[in-house]
Q: 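Dropping the structure in here first, questions after.
Throughout, residue positions are numbered sequentially from 1 according to the sequence presented.
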Amino acid sequence: MEALAMKNVSSHCSIADIDDYDLSKLLDKPRLNVDRQRSFDERSLSELSMGLNRGSVENFENVYSPVPRSGYSTPGSSSRLSFEPHPMIAEAWEALRRSLVYFKGQPVGTIAAYDHASEEVLNYDQVFVRDFVPSALAFLMNGEPDIVKNFLLKTLQLQAWEKRIDRFKLGEGAMPASFKVLHDPERKTDTVVADFGESAIGRVAPVDSGFWWIILLRAYTKSTGDLSLAESAECQKGMRLILALCLSEGFDTFPTLLCADGCSMIDRRMGIYGYPIEIQALFFMALRCALAMLKHDAQGKEFIERIAKRLNALTFHMRSYFWLDFRQLNDIYRYKTEEYSHTAVNKFNVIPDSIPEWVFDFMPTRGGYFIGNISPARMDFRWFALGNCVAILCSLATPEQSAAIMDLIEERWEELVGEMPLKICYPAIESHEWRIVTGCDPKNTRWSYHNGGSWPVLLWLLTAACIKTGRPQIARRAIDLAETRLLKDGWPEYYDGKLGRYIGKQARKFQTWSIAGYLVAKMMLEDPSHLGMISLEEDKLMKPLIKRSSSWTC
């Protein structure tokens, strides 16, 4: 809905009508420079749950976080970090701009990969919601917010479509996995075709798209100070529809979100069904971002109250049951089973013999992380990079837990970083387990693709987590590694091998989020104030967790 920010446009107009609006009209509104008042982001959840009647988004402190523009050829060096411009930067910007997708003359996103050498295009020529996030952050950091605004509006328009897969109707709030713009030069028309999972490998709808959309809407607002987009009736409705999907009541006894395999960045069968850490961390972050942007009108207040309650329960659950360090591992190793009633310690009835051998050697005395998954009689002890980095950024992890995650990365550098940042998960699953868990997936063989592959796009998340925890030297070390090969190798999608030494066997070249991830990491390290658009501070008035296992005191 290109004219969503204009109050006189109905949110119920047809797709044909909507496509006739010119995106350029949206860019006429002046940006708002708001006063630096107390941040809605940092308002206490306990205050919100008490139902305080405050104003709308205008109340949040320092919404406008203007950041210096980084020139795309040679960003200014930082004397504090002795940051020298790297010749890769100009090449990266050129490649990123080459990936831009236009709708009626206006940029609306970036394609997944610009690899013309590949025999199969598949869906790499489409704009993916999750893939565009690092591209969007790069443009915001470079003072080019218009493309981000266009993208947010175009995907919001697609959310309004009726979504059917094999005669089954998806939830109204579902966001697309991707979309493609079809140009007809003869008729001089542009048409958008969206994929909500009906064309995806495995036919799984993306759970993370809606969360990334909310997170990106906040990043745009924080970067520009333009409140009009987030406050528009259409964006408010879009957020509420996403929230209605993930906050719906059901039979689940956990505050976490139940998901299928393939619903996130790991979009193939990899045994992450249940309550994957990536989705829980994004869920938590999206709830907190929505809390900052929802209006306190009749509809908004209902969701604000539901979010506050869910966040309190989710925070306790994740910090208590997903957290693993040396002491907690020792506790699980000594668990008794078949416990009943509220006094049970082993609440999920996890059999100690199910703990894999590798985790005992992997777990350092000092350090910890959020494990991959928990459900009845099952703990997935694998390390997942995206979930742990997002947990730091959104303050799902306590400051102590955030420090412990960084300790783990330093202690297990060879395993988690190796020669190319960053392992998407660790360790790889092999042999008979690989056959069972992946269904003999030929692309997810050991130490490849989602199965222990190294993904350069994760560099921006690692850098953001490093800056937030006061460990920029870790980010510098990882970026230095990436710069030795990324450009020379043609910006691959992923690398293979235990150390990430080999270009992925089926990796696309000129993968856009590999390019954008590098640029965001460089600009963030150059100017750490950029972190503000993607980071949330801890809520000081949240009920403190009783620290049962604290790796930093070992």
Side-chain angles (χ1 to χ4, degrees), residues 261 264-266 270-282 318-319 321-329 332 350 354-375 378-393 396-397 401-430 433-434 437-438 444 446-459 461-466 469 471 474-475 478 494-500 549 551-552:
D261 251 344
S264 57
M265 178 180 173
I266 297 178
M270 270 288 292
I272 63 166
Y273 60 89
Y275 307 91
I277 179 62
E278 176 180 333
I279 290 297
Q280 311 316 317
L282 287 172
M318 295 298 297
R319 291 177 179 177
Y321 305 124
F322 273 70
W323 181 252
L324 188 73
D325 56 23
F326 185 83
R327 187 177 299 178
Q328 180 70 356
L329 179 59
I332 297 169
V350 173
S354 69
I355 303 174
E357 287 294 326
W358 66 264
V359 79
F360 293 105
D361 295 327
F362 178 73
M363 179 60 69
T365 305
R366 183 182 180 89
Y369 63 104
F370 289 101
I371 64 172
N373 219 318
I374 292 178
S375 55
R378 177 186 181 227
M379 294 185 81
D380 184 347
F381 289 91
R382 284 177 294 176
W383 148 273
F384 290 89
L386 194 151
N388 276 273
C389 288
V390 170
I392 292 174
L393 292 178
L396 170 58
Q401 288 173 335
S402 296
I405 292 170
M406 301 312 297
D407 287 341
L408 179 85
I409 292 173
E410 286 192 298
E411 288 288 328
R412 296 291 177 255
W413 185 265
E414 287 298 302
E415 292 91 337
L416 301 180
V417 181
E419 296 186 18
M420 178 56 66
L422 180 66
K423 281 273 179 274
I424 190 171
C425 69
Y426 180 88
I429 50 180
E430 311 180 53
E433 185 184 9
W434 166 78
V437 173
T438 74
N444 271 331
R446 63 178 185 168
W447 308 114
S448 179
Y449 202 43
H450 300 128
N451 190 12
S454 297
W455 293 70
V457 63
L458 297 170
L459 188 61
L461 281 160
L462 175 63
T463 301
C466 289
T469 54
R471 311 273 188 99
I474 299 178
Y494 61 93
Y495 285 77
D496 285 355
K498 274 192 175 183
L499 297 177
S549 55
S551 65
W552 50 92

Q: Looking at residues at least two apart in the chain, or sitting in another chain, which of them share a salt bridge (charged side-chain N to carboxylate O under 4.0 Å, His left out) with Arg446?
A: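 Per chain and number, Arg446 pairs via salt bridge (charged side-chain N to carboxylate O under 4.0 Å, His left out) with Glu430.
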Q: Salt bridge or not for Asp325 and Arg327, using N-O below 4.0 Å?
A: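 Salt bridge absent between Asp325 and Arg327.
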Q: As an exercise, state the distance from NZ of Lys498 to NZ of Lys423, rounded to the nearest 0.5 Å.
A: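 The distance works out to 10.0 Å.
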Q: For the residue pair Met406 and Ile392, establish whether any side-chain heavy-atom pair is separated by less than 4.5 Å.
A: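 Counting from C-beta outward, Met406 and Ile392 do come under 4.5 Å.
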Q: For the CD1 atom of Ile429 and the CG atom of Asn444, what is their distance to the nearest 0.5 Å?
A: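 Between Ile429 CD1 and Asn444 CG, I get 7.5 Å after rounding to 0.5 Å.
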Q: Output the distance between atom OG1 (Thr469) and atom CD (Gln401), rounded to the nearest 0.5 Å.
A: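 The distance works out to 13.5 Å.
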Q: In chain order, what residues pass the salt bridge (charged side-chain N to carboxylate O under 4.0 Å, His left out) check against Glu415, with sequence neighbours excluded?
A: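 Residues passing salt bridge (charged side-chain N to carboxylate O under 4.0 Å, His left out) with Glu415: none at all.
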Q: For Leu396 and Phe322: C-alpha separation, side-chain torsions, deciding distance, then whether side chain to side chain contact (heavy atoms under 4.5 Å, CB included) applies.
A: CA-CA 11 Å; Leu396 170 58; Phe322 273 70; over 6 Å; no
Q: Does any part of the side chain of Pro364, heavy atoms only, come nearer than 4.5 Å to the side chain of Arg412, both counted from C-beta?
A: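 Touching, per the 4.5 Å side-chain cut-off.
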Q: Report the distance from atom CD1 of Ile277 to atom CG of Leu386, rounding to the nearest 0.5 Å.
A: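 Between Ile277 CD1 and Leu386 CG, I get 10.0 Å after rounding to 0.5 Å.
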Q: So do the side chains of Cys425 and Met270 get within less than 4.5 Å of each other, counting heavy atoms only?
A: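 Yes, side chains in contact.
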Q: Give, for atom CD1 of Ile424 and atom CG of Leu416, the distance between the pair rounded to the nearest 0.5 Å.
A: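 One gets 13.0 Å once the value is rounded to the nearest 0.5 Å.
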Q: With Glu411, which residues qualify under salt bridge (charged side-chain N to carboxylate O under 4.0 Å, His left out), at least two apart?
A: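 Glu411: no salt bridge (charged side-chain N to carboxylate O under 4.0 Å, His left out) contacts found.
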Q: Ile355: which residues meet the side chain to side chain contact (heavy atoms under 4.5 Å, CB included) condition with it, sequence neighbours left out?
A: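 Ile355 satisfies side chain to side chain contact (heavy atoms under 4.5 Å, CB included) with Leu329, Ile332, Tyr333, Val359, Phe360, Phe381 once adjacent residues are dropped.
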Q: Check Ser402 against Ala397 and note the closest heavy-atom contact, atom names and distance.
A: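 Scanning both residues, the minimum pair turns out to be OG-CB, 3.5 Å.
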Q: Would you please test Glu278 and Val390 for side chain to side chain contact (heavy atoms under 4.5 Å, CB included) and show each step?
A: CA-CA 8 Å; Glu278 176 180 333; Val390 170; over 6 Å; no
Q: State, yes or no, whether a side-chain contact exists between Asn388 and Ile409 at a heavy-atom distance under 4.5 Å.
A: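 SC-SC contact between Asn388 and Ile409 ruled out.
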Q: Run the side chain to side chain contact (heavy atoms under 4.5 Å, CB included) test against Asp261 and tell me which residues pass, sequence neighbours left out.
A: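 Scan of Asp261 (side chain to side chain contact (heavy atoms under 4.5 Å, CB included), adjacent residues dropped) gives Arg269, Ile272, Tyr273.
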Q: Is there a side-chain contact between Phe384 and Pro276 (heavy atoms, below 4.5 Å)?
A: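 SC-SC contact between Phe384 and Pro276 ruled out.
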Q: When rounded to the nearest 0.5 angstrom, what is the spacing between CG in Leu393 and CG in Leu461?
A: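 Here the interatomic distance stands at 6.5 Å.
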Q: Where do Tyr369 and Met363 come nearest, in terms of heavy atoms and distance?
A: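 The answer is CE2-CE, 3.5 Å.
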Q: Taking side-chain hydrogen bond (donor to acceptor under 3.5 Å, both in side chains) as the test, write out the residues that go with Thr463, two or more places apart.
A: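 With neighbours one apart ignored, the set is empty.
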Q: If you look at every heavy atom in Ala428 and Gly452, which pair is closest and at what distance?
A: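 That would be CB-CA, 4.5 Å.
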Q: Ala385: which residues meet the side chain to side chain contact (heavy atoms under 4.5 Å, CB included) condition with it, sequence neighbours left out?
A: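 Per chain and number, Ala385 pairs via side chain to side chain contact (heavy atoms under 4.5 Å, CB included) with Trp383, Leu422, Leu458.
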Q: Tell me every residue that passes side-chain hydrogen bond (donor to acceptor under 3.5 Å, both in side chains) with Tyr449, counting only those two or more places apart in sequence or in another chain.
A: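 Testing Tyr449 for side-chain hydrogen bond (donor to acceptor under 3.5 Å, both in side chains), a comparison that skips the adjacent residues, returns none.
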Q: According to side chain to side chain contact (heavy atoms under 4.5 Å, CB included), who are the partners of Ser448, at least two apart in sequence or on a separate chain?
A: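 By the side chain to side chain contact (heavy atoms under 4.5 Å, CB included) rule, Ser448 matches Thr445, Tyr494, Asp496, Lys505.
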Q: Please list, chain by chain and in numerical order, all residues satisfying salt bridge (charged side-chain N to carboxylate O under 4.0 Å, His left out) with Glu433, sequence neighbours excluded.
A: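 Salt bridge (charged side-chain N to carboxylate O under 4.0 Å, His left out) list for Glu433, sorted by chain: empty.
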Q: Applying side-chain hydrogen bond (donor to acceptor under 3.5 Å, both in side chains), name anything that partners Thr438, two or more places apart in sequence or on another chain.
A: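 With sequence neighbours excluded, Thr438 shows a side-chain hydrogen bond (donor to acceptor under 3.5 Å, both in side chains) to Trp434, given in chain and number order.
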Q: Would you mind reporting whether Glu419 and Glu414 have side-chain heavy atoms less than 4.5 Å apart?
A: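 No; the side chains remain at least 4.5 Å from each other.
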Q: Which atom pair, heavy atoms only, marks the closest approach of Gly367 to Asp407?
A: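 In this case the closest contact between Gly367 and Asp407 is CA-CB, 4.0 Å.
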Q: May I ask you to decide if the ring planes of Tyr426 and Trp447 are parallel, tilted or perpendicular, using 30° and 60° as cut-offs?
A: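 The arrangement is tilted - the two ring planes meet at 30° to 60°.
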Q: For residues Gly387 and Ala281, report the shortest heavy-atom separation together with the two atoms involved.
A: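 In this case the closest contact between Gly387 and Ala281 is O-CB, 3.5 Å.
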Q: Which pair of heavy atoms, one from Arg382 and one from Gly271, lies closest together, and at what distance?
A: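 Arg382 and Gly271 have their closest heavy atoms at NH2-O, 3.5 Å.
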Q: Verify side chain to side chain contact (heavy atoms under 4.5 Å, CB included) between Trp455 and His450, making sure each step is shown before the conclusion.
A: CA-CA 9 Å; Trp455 293 70; His450 300 128; 3.7 Å; yes
